[in-house]
Amino acid sequence: MKRMLSGIKPTGQLTLGNYIGALRNFVKYQDEYEMYVFIANLHCITEYQDPEDLSRNLTDAVALYMACGLDPNKSTIFLQTDVPAHAELGYIMACNTYLGELNRMTQFKDKTANGEKNMTAGLYTYPCLMAADILLYNADYVPVGEDQKQHVELTRDLAQRFNNKYGDTFVVPEPLIAKVGGRVMSLSDPHKKMSKSEETNKGCIYLLDDIKAARKKIMGAVTDSVGIIQLDKENQPGLYNLIEIASSLSERSMEDIAEEFKDQGYGKLKGYVADVVCAELEKIQNRYNEIIVSHQLEAVMKDGAEKASVIANKTLDDVKKKIGLEIKY
Ligand code: AMP
Ligand code: TRP
């Protein structure tokens, strides 16, 4: 069975973008692949987080993983810091990464271009840790949203470089990006990614949003003045995004949805999208509430950490030996 691994960095509440671009796909894949999904808590602290908020977001993220359908009997779910090998291989990877490679990472470049101050060294070397996350498990595939593709590509380069230098060690992973829903856009600005770091909350739907509030955000989504329902991503990006959201949640094609609402106006279409999204949110939230009261998280995380450690420690030992980090007695 091929192995798959992915992680989410819960620096805030999980969003509909996380669900459509990533989480939902993990659930689909868990039957076909040996699946490892982790909560990337070390990645969260590359920028300051209020400790209480961070801790609550981590708990919510695990519960939401399961509420979205990740089954701990099928997938290994764990917390990054429960497997210390991540930090250790992250450092080793950083020693095998060139500054030029990190300077080219678009997430870093965007932040620099936006004049962001007080950027940390951790933020800069983040892609090295992400490479370690993936390579420790010798994952064949990494299902991620479009924005993470570049990081997985760097991981491939680092794996190949290491293999060339020290002999065959790592599986070279491939990114897997969903054809529909790989990049869910903000409802208030369809040129921007739907993101939990958005300043106003209007453009972003959170998985734990109040259902009425979520409906209101969709009904108020920015569209255009063209007045015709059709699939024109360039000129009607807001409308396109709404149809894409509904399509990815309903298993209906975008063409089919556009055709049905062709003569019905934007309000009707938005109402339909809101129905689809709210039904999905309700399902997730009901399960989330059941999971929180069932107190099963601790056992799931302990079990996940144990399973993950076995594989991660084996890879790390091999790496250390190959590099010559061990004393031979
Ligand atoms: P993050 O929340 O940045 O840790 O992202 C976790 C996963 O969700 C990654 O695979 C991202 O690519 C994916 N993701 C985040 N936001 C979106 C979005 N707006 N559309 C699609 N995928 C997303
Ligand atoms: N960098 C990813 C994000 O921001 C999260 C992440 C960390 C990840 N390590 C990973 C995703 C390993 C896939 C594989 O979304």
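Values in this document were obtained by computation on a predicted structure and should not be read as measured data. Residues take their numbers from the sequence shown, with the count starting at 1. Whatever order the structure lists them in is the order used to number ligands and atoms, beginning at 1.
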Student check: side-chain heavy atoms of [X] and [Y] closer than 4.5 Å:
| X | Y | result |
| --- | --- | --- |
| Ser195 | Thr15 | no |
| Leu129 | Gln80 | yes |
| Arg287 | Met66 | no |
| Asp224 | Tyr266 | yes |

ask   = Does ligand 2 have any atom sitting under 4.0 Å from a heavy atom of Met130?
value =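 It does, in that a heavy atom of Met130 comes within the 4.0 Å cut-off of ligand 2.
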key: Minimal non-hydrogen separation, Val144 against Gln148, with atom names   =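 Residues Val144 and Gln148, closest heavy atoms: CB-CB, 3.6 Å.
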inquiry  = I need the minimum non-hydrogen distance between Leu239 and Ile229, along with the two atoms involved.
reply    =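 Minimum heavy-atom separation between Leu239 and Ile229: CD2-CA, 3.9 Å.
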inquiry  = Checking contacts here: is it the side chain or the backbone of Asp147 that comes within 4.0 Å of ligand 2, counting heavy atoms only? Could be both or neither.
reply    =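 None of Asp147 does.
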key: ligand 2 contact on Leu129 by region, counting heavy-atom pairs under 4.0 Å   = neither
Tell me: protein heavy atom nearest [atom], and distance?
| atom | answer |
| --- | --- |
| atom 12 (C) of ligand 2 | Ile134 CG1, 3.7 Å |
| atom 6 (C) of ligand 2 | Gly7 O, 3.8 Å |
| atom 4 (O) of ligand 2 | Tyr126 OH, 2.7 Å |
| atom 15 (O) of ligand 2 | Gln148 NE2, 3.4 Å |
| atom 21 (C) of ligand 1 | Gly182 O, 3.2 Å |
| atom 8 (O) of ligand 1 | Asn18 ND2, 3.1 Å |
| atom 20 (N) of ligand 1 | Val184 N, 2.7 Å |

key: From CA spacing to verdict: side chain to side chain contact (heavy atoms under 4.5 Å, CB included), Met105, Tyr124   = CA-CA 9 Å; Met105 294 291 110; Tyr124 185 60; over 6 Å; no
request  = With atom 18 (C) of ligand 1 as the reference point, say which of Cys44, Gly17, Gly7 has the nearest heavy atom.
outcome  =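 Considering heavy atoms of Cys44, Gly17, Gly7, the nearest to atom 18 (C) of ligand 1 sits in Gly17.
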message = Has Tyr33 got a side-chain atom pairing as donor or acceptor with Phe26's backbone, closer than 3.5 angstrom?
response = no
Polar proximity ligand 1 side, [X] side, N/O cut 3.5 Å exclusive:
| X | value |
| --- | --- |
| Thr15 | no |
| Ala22 | no |
| Gly145 | yes |
| Lys196 | yes |
| Lys9 | yes |
| Met194 | yes |

key: Whether Ser195 lies under 4.0 Å from ligand 1, heavy atom   = no
request  = Could you tell me whether Glu52 atom CD has more than 12 heavy atoms of other residues or ligands within 6.0 Å of it?
outcome  =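 12 or below, so no.
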task = Sort out for me which residue in Asp209, Asp210, Asp275 forms a salt bridge (charged side-chain N to carboxylate O under 4.0 Å, His left out) with Arg215.
result =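 It is Asp275, the one option of Asp209, Asp210, Asp275 that forms the salt bridge (charged side-chain N to carboxylate O under 4.0 Å, His left out) with Arg215.
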ask   = What's the verdict on side chain to side chain contact (heavy atoms under 4.5 Å, CB included) for Ile257 and Tyr272, showing C-alpha distance, side-chain angles and the deciding distance?
value = CA-CA 9 Å; Ile257 297 172; Tyr272 170 72; 4.0 Å; yes
N or O contact, Asp133 vs ligand 2, cut-off under 3.5 Å = yes
query = Can you check whether Ser6 has an N/O within less than 3.5 Å of an N/O in ligand 2?
reply = no
ask   = With a cut-off of 4.0 Å, which atoms of ligand 2 are near a heavy atom of Val142?
value = 13 (C), 14 (C)
task = Answer with yes or no after comparing the ring centroid distance for Tyr288 and Tyr206 against a 6.0 Å cut-off, counting only values under it.
result = no
request  = Assert yes or no for the condition that the ring centre distance of Tyr137 to His86 is strictly below 6.0 Å.
outcome  = yes
Which of the atoms of ligand 1 are close to [X], meaning less than 4.0 Å from one of its heavy atoms?
| X | value |
| --- | --- |
| Asp147 | 11 (C), 12 (O) |
| Arg183 | 20 (N), 21 (C) |
| Val144 | 10 (O) |

key: Joint cluster assignment, Leu42 & Leu89, ILVMFWY side-chain distance < 4.5 Å   =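 No, Leu42 and Leu89 fall in different hydrophobic clusters.
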